Visitor: 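My structure is below; once you've seen it, I'll send some questions.
Order of the sequence lines fixes the chain letters, A, B, ..., with proteins taken first and strands second; residue numbering starts at 1 for each chain. Note that the structure is predicted; figures quoted are calculated from it, not measured.
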Amino acid sequence: MIELKNLSVTLGAAAAVRDASLSIQAGDRLGVVGESGCGKSMLALSMMGMVPDALAVSGQITLNGTAMPPRDETAWRPHRARSMAMIFQEPMAALNPLRRIGDTVMEPMRVHLGLSREDAIKRTLDLFAETGIRDPELRLRQYPHQLSGGQRQRVLIALALACDPALLIADEPTTALDANVSLRITDLLVRLSRQRNMALVLISHDLGAVARATKDILVMYGGDIVERGPTAAVLAHPAHPYTKGLLGARPRIEQAAGKRRHLPTIPGSVPGLFDLPKGCRFSGRCSVEMPHCARSKPENVNTEQGQAACHQLKEGHNGG
Amino acid sequence: MRRENLPQMHGAVRMGYFIFRRLVGFVLTLLAVSVVVFLAMNVLPGDPALNILGIESSEDARAALREQLGLDEPAVFRYFQWIFNAVQGDFGVSYSYGVPVSELIVERIPMTLSLAFSGMVLTTVVALVMGITAASHHKKTGDWVVMLLSQLGVAIPAFWLSMLLVLLFAVKLRWLPPGGFAGWDDPLAAMRSLVLPTVSLALVQSAVLARVTRSSALEVIRHDFVRTARASGFSRQRVLWRHVLPNALIPIVTIVGLQFAALVSGTIVIENVFYLPGLGRLIFQSISNRDLFTVQALVMMFAVIVVSANFLVDIAYVLIDPRLKARTE
Amino acid sequence: MNTRYLPANLVIGAILVVLTLGVALLSVFWTPYDYTQLDIVHKFQGPSAAHWLGTDQLGRDLLSQLMAGAGNSMAVAVTAVVLGGSIGTALGLLASAYGGWVEDIVMRLSDLSFAFPALLFAIMLAAAFGPSLPNVVVAIAFINVPIFARVARASANQIWTREYVFAARAAGLGKFAISRDHILPNIAAPIIVQATIEFALAILIEAALSYLGLGAQPPSPSWGRMLSEAQTLMYLAPQLAIYPGLSIVVAVLGFGLLGDGLRDVTDPRLSRER
C-alpha cells in the first residue's frame, strides 16, 4: 500500500532518517520503537508528505503504486485523511481549541466526502461510539478543554477515521496519558485496525504497548533502522546490541506487557543530529563495538528473527 | 437535554456577571473622562468668557456672557449640571450656530461613523489578507514584500497619503471628486466622495494591523492543531483562514480596538482634508468660532466613542475564545 | 538572532536617523536661504542651481524651509518624548517599587489616558488655550506618560526579583535608592527602544497637528504646515506637496526601523522576526 525505498531526511549534512526502506500492506500492524530523537516522527511525517520545509527528503515513496514527490502538497493532499491519517502525541495541542469537537471531527467528512451536516453528525456519532467516546451527543457541542486527556485522544482517533483511511499512523499516541488510559487507547487502536482491516503504524518508546499491539517491529536509532522482524520474536531474541540495550535486563517482555514499562537506561545519551558518528550510529555507546564501527555503515544482515544492521552480526554470519 | 442546558445556564449567569463588571468599569471610565474634559476646558483656562469673546472684549460684555452661560455658578455645580443634562442628551446651545449642540451632532455623526466603520472594514480586510499572506510565505519573497509595504505604510502620514491620492485620482485622472460631500440623497455620489477618504484612513492603519496579524499567525502556525489540519488533507487556504486565523484573533482584536480609536481621531484629520461635513470638521469650525461648549461636547463625544470601542473589545474576547468564557469566574 | 551581524532595519534606520538629525542640527546654524525671505518674482520655480528644490508660492526657498522644518519637528519630538518619557518612567518605577495602592492609582490613571488619542487631547488644549507648538508638545508628552509608565513598570517588576536587588535591600538601601541605582540602569534598554518608536509617532502627530493649524503657527516652518499650504495649490503646483511629505516619511521610517532594530538586538524574545 505504501512503500518507502532508501528514504533519507536530511538537514544539511545531518540525517534525521537514513536510507530507510519499508513496506506496509492492508491489515499490517507495525511498531516503530527507539529513543526520542531517533527519527521515528520524521519517518511518520514522510509517510504523510509533511516533512518540514527546512529538511531535505530523498529516496522513493510509493503510495498505492504511484510514486509520490515527497513535498508536493497538491499530490499528497487528496490522500491525507483518505489513504492515510495520523494522530499525534499531545491530544490537547493537536485539537483546535476554538472549535467544537463535533465541528472538528465533521470537517474532513464535509470537505472531502461532501456530506451534509445531518449525515456528518450521524457519521460522527457512529465514530464516537466506535472509538468509545462517552456522551456522544454532548461531546459534539463541547470544546477540547472540557474533555479529559483520554477522551481527547479518542476524539483525535475519531477525527483520523473520519474518511476511512487505509492506514493510521499513531505517533506516540499514549505518551501524554495515564498508564491505564494509555493501555485502553492502545487496545482501541488494535481493535480498530482488526475490524476495519486498516494498517496501523504505532510509533512509541513504550515497548509494552508495541509488544501488545503490533505484529512487526522496527527498531530505530539515530535515523537508522537497526533491526526489524516479527514483534514477539525480535523482543524475545533481540539481535542488535541497541535492541538488547533497550530491553535491558528484563527480557521477558510478554510478562511485562500490559504494564507500563520505562526503557532501561543505556549508557550515554542519543547524540545530537550533527554529532552522530558517520558509520554505525550506535558506536560510542555500544558495548560490543569494534574499531571500524564508527567509520563504516553496517549492512542489513538476515537474522533468525528478521534483519539487523550490525557489524558484529555480519562478522559472525561470515564466520559461521 | 436538561443535563445539557444546566451548565450553559451557569455559563450565561457567569457571562452576565462578567459583562456587568465591565459595564461598571466602562461607566466609571466615562465619568473620569468627563472630569478631565471639564477641567481642561472649563476650569484650567480661567475665564471661559474671555476665551470665547477674545482679549479685546470689554469686561461688561464678558460679565453678560458669563451670566448668560451660567458661568457665575461654582465649577462643581456646573460640572454636575453639564453631566446631568448631557446624560439626557442636552449639550446646551451652540454659541456660534444658535441651535442645540445635540442637533449638530445628530446631523453630523452619520458621516463620521460611516467613515470610521468603512475605514475599519477596509483596514481589517487588507490587513488580514496581507498578514496571513506574509505568514504563509514566512521568510520568502511574499513575506518581505508585505513587511516592506507595512513598514512604509506606518511611516506615511494619512493626510499626505490623501493628498497624493487626490493628486492622482482627482487632479490627474479625474475619476473621483477631490473633496466635498454631495449629501446622502444620491447614494452613488455619496459613495464616490467617500472612496478616497476611506482608502486614506484604512491603508495606514492596515499597515499596523498587517504586522500584528502576521506575527500572531506565525505564533499560531507552530501549534500542533495546525499540523492536524494539514494531516486531514485540508487546503492551505482552508488551514490558514479556518484554523489559524480564528486562533490568531485575540491580539488582532486588541489592536483593532485600539485602531478604531485611531481611526475615529483619524476622521478628524481626514474630514478636514476632504471637506467632509462630519464631527471632525465641526470640531474645527467650532474651534475657529471659539464655540467652547460645542468643542467640549464634541471632545466628550469622541472620547465616548473611543472608550466604547475598548469596552466592546473586552466583550469580544469572551465571544472569540470559549476558554475565556469558562474563566469569567 | 546572531548579534555579530547587525540587522538590516537597524542599519538603514540609523542612517536615516543620522541624516534627519544632522539636517535638523545644521538648520539651526545654516540654511541656504532665510526660509522667511519672500521673493515673489521667483515663485513656483522648479529645481535650479540657486534653489535646489525650487521655490514656493511666495518665492521662499523650499530646501531651506524643509531644513528648518526638520529642526522644528525634531525639537518638538525630542521635548515631548523626553518629557512624557521621564514622567512616565518615574511613575512606572514608583508603581513597581511601592506596589499596592500606589501601583493601582498609577495604572488606573494610565488606563484613563488611553481614552484620549493625542489628536483629541491637542484639540482640547487648542480650544482652551489657543493653538500653539507648546500645546502640541504637552499633548504628545501627555499620551506618552502612560505608555512609558507601563513599559517601565513591567520591566522594573522583573528586575525587582533579581538577586542583586535582594542584596541591595539586605544592605539596607531604600526603595528610592534601589530604583535609581539598580532598577533604572537595567530597564534602560526597553525604555530606549520604546522612546525611539514613540519618537517616530511624535513626528507624525506633530505633522498632523501642524497640518490642521493646531501646531506651528506662521511663519514658523513645519512640514505639516507646508503641506496644508500646498493643498490649496494642488492644481497649480503639485510638486510642493511632495517634498515635505517625503521628509516626514524618511524621518518616521528612520526612527521606526531603528526602534525595531534596537529591539531585535536587545531583546530577541520580542522580535517580530521569528
Visitor: Quick check on A:Glu107 against chain B: is it the side chain, the backbone, both or neither that has a heavy atom closer than 4.5 Å?
Guide: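 It is both, since atoms from each part get that close.
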Visitor: Taking every non-hydrogen pair under 4.5 Å, which of A:Ala81, A:Ala93, A:Ala160 racks up the most with chain B?
Guide: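 Maximum pair count with chain B is reached by A:Ala93.
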Visitor: Could A:Arg77 and A:Asp72 be called an ion pair, given the rule that one side-chain N must be under 4.0 Å from one carboxylate O?
Guide: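 Judged by the 4.0 Å cut-off on N to carboxylate O distance, A:Arg77 and A:Asp72 do not form a salt bridge.
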Visitor: Look only at the side chain of A:His112 and the backbone of B:Ser232, and say whether a donor-acceptor pair between them is shorter than 3.5 Å.
Guide: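 Judged by distance alone, yes, a pair lies under 3.5 Å.
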Visitor: Check this for me: A:Lys122, atom NZ, are more than 12 non-hydrogen atoms of other residues, nucleotides or ligands nearer than 6.0 Å?
Guide: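 Check fails, neighbour count at 12 or below.
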Visitor: Heavy-atom pairs under 4.5 Å with chain B: which of A:Ile87, A:Leu95, A:Asn96 has the most?
Guide: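 Heavy-atom pairs under 4.5 Å are most numerous for A:Asn96.
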Visitor: Report which part of A:Ile169 has an atom under 4.5 Å of a heavy atom belonging to chain B: side chain, backbone, both, or neither.
Guide: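 No part of A:Ile169 comes within 4.5 Å of chain B.
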Visitor: Just do the side-chain contact (heavy atoms from CB on, under 4.5 Å) check on A:Arg80 and A:Glu73 with the steps written out, would you?
Guide: CA-CA 10 Å; A:Arg80 295 187 190 140; A:Glu73 280 287 304; 3.0 Å; yes
Visitor: Can you tell me which portion of A:Met48 sits under 4.5 Å from chain B's heavy atoms? Options are side chain, backbone, both or neither.
Guide: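 For A:Met48, side-chain heavy atoms alone lie under 4.5 Å from chain B.
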Visitor: If I measure from the heavy atoms of chain A, does B:Arg238 come under 4.5 Å with its side chain, its backbone, both, or neither?
Guide: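 Interface part for B:Arg238: side chain.
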Visitor: Run the salt-bridge test on A:Asp164 and A:Arg123 with the 4.0 Å N-O cut-off and return the result as yes or no.
Guide: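 Salt bridge present between A:Asp164 and A:Arg123.
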